[in-house]
Undergrad: 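I have a structure I would like to understand better, so I am pasting it below and will then ask my questions one at a time.
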Amino acid sequence: MTKFIDSEFVKGLGDVTTNLYQHGWDERNGGNVSYRIMDDEVAQFEDTGKVLRNIPIDFDATKLAGQYFLVTGTGRYFKNIKNFPERDTGLVRIADNGTSVDLMWGFNDGGEPTSEFPSHLMSHIARQAVDKDQRIIMHCHPTNIVAMTFTQPLDSKSFTRTIWKMHPEGIVVIPEGLAVIPYMCPGTVQIGETTAQQMERFRTVIWPHHGVFAAGDSLDETLGIIETIEKSALIFTTIQAQGGKMINCITDDDLRDLVDRFDLPANREFLYIKKP
Ligand code: 2HA
Ligand code: ZN
């Protein structure tokens with residue numbers, strides 16, 4: 001039996017949070033990640049079988065009772081997680097009462113899960129209902145996406161189409177598009193409920209003037225979704241810096257060609273269908 005600190009899960013979370021920090025998307029204590037660990041995976045370790053303490057949460061997560069999540073801590077800095085995983089992250093099990101979690105590993109200086117944990121849990125519930133392989137919820141502050149929410153309409157369809165048209169990979173990686181919700185106070189059940197409602201259809205939800213909430217089956221895939229959208233947003237910003245006038249563009253026909261070529265399950269509401 002090995003120790004949890006040596007696991008692929010702790011290593012993966014350390015690597016991805018370092019990566020996010022190096023992108024410049026998680027300044028200070030910005031950002032949070034939760035990673036579902038399956039029962040048989042938890043059972044492999046010698047030091048994850050005992051409840052260390054019980055921590056109340058601000059949301060009834062009864063639907064997730066018994067599930068384990070490796071989660072970043074409130075107030076912790078992504079730049080430190082790789083060096084201090086047992087302090088800055090914790091493995092928690094949702095208690096049967098739904099309104100608290102049992103700490104099984106980590107948070108060894110008295111820490112607690114991220115302030116966005118209710119939003120994470122609500123999003124896990126929404127994604128698990130549509131994706132049996134759902135594992136990750138990731139939140140960060142990608143600069144160009146956030147900047148676009150100050151200059152572009154906060155409308156899911158038009159925002160998606162702008163992102164899709166900045167690079168051919170956009171529609172390939174996020175064929176369902178992305179959701180944009182109104183600005184709301186972070187760390188609240190209200191923003192969690194609004195986000196989770198959108199997660200029934202979308203893996204990515206933009207929080208205006210703040211950041212991104214994304215869901216996926218693996219750390220790589222979830223980070224990849226965010227990186228792809230942020231790349232398109234960077235191209236958009238760069239076009240504005242070059243004067244903003246586009247004399248060439250990716251057309252609706254070009255988007256439809258991508259859908260056909262890669263057989264994409266594209267969101268038809270966001271894709272103009274050619275009139276016969
Ligand atoms: O965890 O990013 O939205 C800090 C945040 C809150
Ligand atoms: Zn944030």
Side-chain angles (χ1 to χ4, degrees), residues 13-36 55-59 61 69-92 101 103 106-107 109-127 136-150 154 159 178-199 202-216 219 222-223 225-227 229-230 233:
L13 189 61
D15 286 345
V16 85
T17 48
T18 300
N19 208 325
L20 285 159
Y21 173 70
Q22 287 170 346
H23 272 307
W25 304 340
D26 292 287
E27 64 293 333
R28 199 175 182 274
N29 65 319
N32 27 78
V33 180
S34 58
Y35 185 172
R36 184 175 177 201
I55 305 170
I57 54 173
D58 294 337
F59 162 70
F69 295 92
L70 178 61
V71 61
T72 56
T74 182
R76 304 310 163 107
Y77 294 19
F78 273 18
K79 74 183 172 79
N80 293 335
I81 287 179
K82 198 167 174 55
N83 288 332
F84 300 98
E86 201 162 355
R87 182 191 73 185
D88 293 345
T89 71
L91 177 69
V92 299
V101 295
L103 178 67
F107 293 145
D109 67 350
E112 297 192 359
T114 166
S115 59
E116 303 291 3
F117 205 37
S119 293
H120 279 245
L121 295 176
M122 287 181 240
S123 296
H124 277 290
I125 292 171
R127 291 306 304 171
I136 309 290
I137 298 292
M138 189 178 288
H139 167 65
C140 60
H141 305 161
T143 313
N144 291 283
I145 297 173
V146 175
M148 279 181 70
T149 66
F150 289 98
L154 301 179
F159 208 95
L178 43 84
V180 184
I181 61 171
Y183 176 81
M184 284 179 205
C185 184
T188 60
V189 169
Q190 190 206 7
I191 198 169
E193 284 172 350
T194 309
T195 303
Q197 198 179 17
Q198 296 296 332
M199 286 269 179
F202 300 95
R203 290 170 298 166
T204 321
V205 181
I206 308 287
W207 287 8
H209 325 326
H210 182 152
V212 172
F213 237 70
L219 290 169
T222 315
L223 176 63
I225 291 170
I226 299 172
E227 285 178 322
I229 299 168
E230 173 61 11

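Numbering of ligands and ligand atoms starts at 1, following listing order.
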Undergrad: Working note: Lys82 + Tyr21, criterion side chain to side chain contact (heavy atoms under 4.5 Å, CB included); need CA distance, chi angles, decisive distance, verdict.
TA: CA-CA 11 Å; Lys82 198 167 174 55; Tyr21 173 70; over 6 Å; no
Undergrad: Could you please spell out the steps behind the side chain to side chain contact (heavy atoms under 4.5 Å, CB included) verdict for Val212 and Ile229?
TA: CA-CA 10 Å; Val212 172; Ile229 299 168; 5.6 Å; no
Undergrad: Please determine which of Val92, Val101, Thr74, Val71 meets the side chain to side chain contact (heavy atoms under 4.5 Å, CB included) test together with Glu112.
TA: Thr74
Undergrad: Between Ala179 and Phe202, what is the shortest heavy-atom contact and its length?
TA: CB-CD1, 3.6 Å
Undergrad: Give every pair formed by an N or O atom of ligand 1 and a protein N or O atom closer than 3.5 Å, one pair per line with both atom names and the distance to 0.1 Å, or write none.
TA:
from     : atom 1 : to     : atom 2 : distance (Å)
ligand 1 : 1 (O)  : Asn29  : O      : 3.3
ligand 1 : 1 (O)  : Gly31  : O      : 3.4
ligand 1 : 1 (O)  : Asn32  : ND2    : 2.8
ligand 1 : 2 (O)  : Gly31  : N      : 2.9
ligand 1 : 2 (O)  : His139 : NE2    : 3.3
ligand 1 : 2 (O)  : His141 : NE2    : 3.0
ligand 1 : 3 (O)  : Glu116 : OE2    : 2.6
ligand 1 : 3 (O)  : His139 : NE2    : 3.2
ligand 1 : 3 (O)  : His210 : NE2    : 3.0

Undergrad: Counting the benzene-type ring for Trp, do Phe69 and His120 have ring centres under 6.0 Å apart?
TA: no
Undergrad: Ignoring water, what protein N, O or S atoms are under 2.8 Å from the Zn ion (ligand 2)?
TA: His139 NE2, His141 NE2, His210 NE2
Undergrad: Looking at Gly14 and Thr18, what are the two nearest heavy atoms and their distance?
TA: O-OG1, 2.7 Å
Undergrad: Going by side chain to side chain contact (heavy atoms under 4.5 Å, CB included), Thr72 matches just one of Asp26, Asp88, Thr17. Which one?
TA: Thr17
Undergrad: Pairs under 3.5 angstrom only: tabulate donor-acceptor contacts from the side chains of residues 140-147 to other protein residues two or more places apart or in another chain.
TA:
from   : atom 1 : to     : atom 2 : distance (Å)
His141 : ND1    : Glu27  : OE2    : 2.6
His141 : NE2    : His139 : NE2    : 3.3
His141 : NE2    : His210 : NE2    : 3.2
Asn144 : OD1    : Thr237 : OG1    : 2.8
Asn144 : ND2    : Glu230 : OE2    : 2.8

Undergrad: Under the side-chain contact (heavy atoms from CB on, under 4.5 Å) rule, collect the residues that match up with Ala126, sequence neighbours excluded.
TA: Ala196, Met199, Glu200
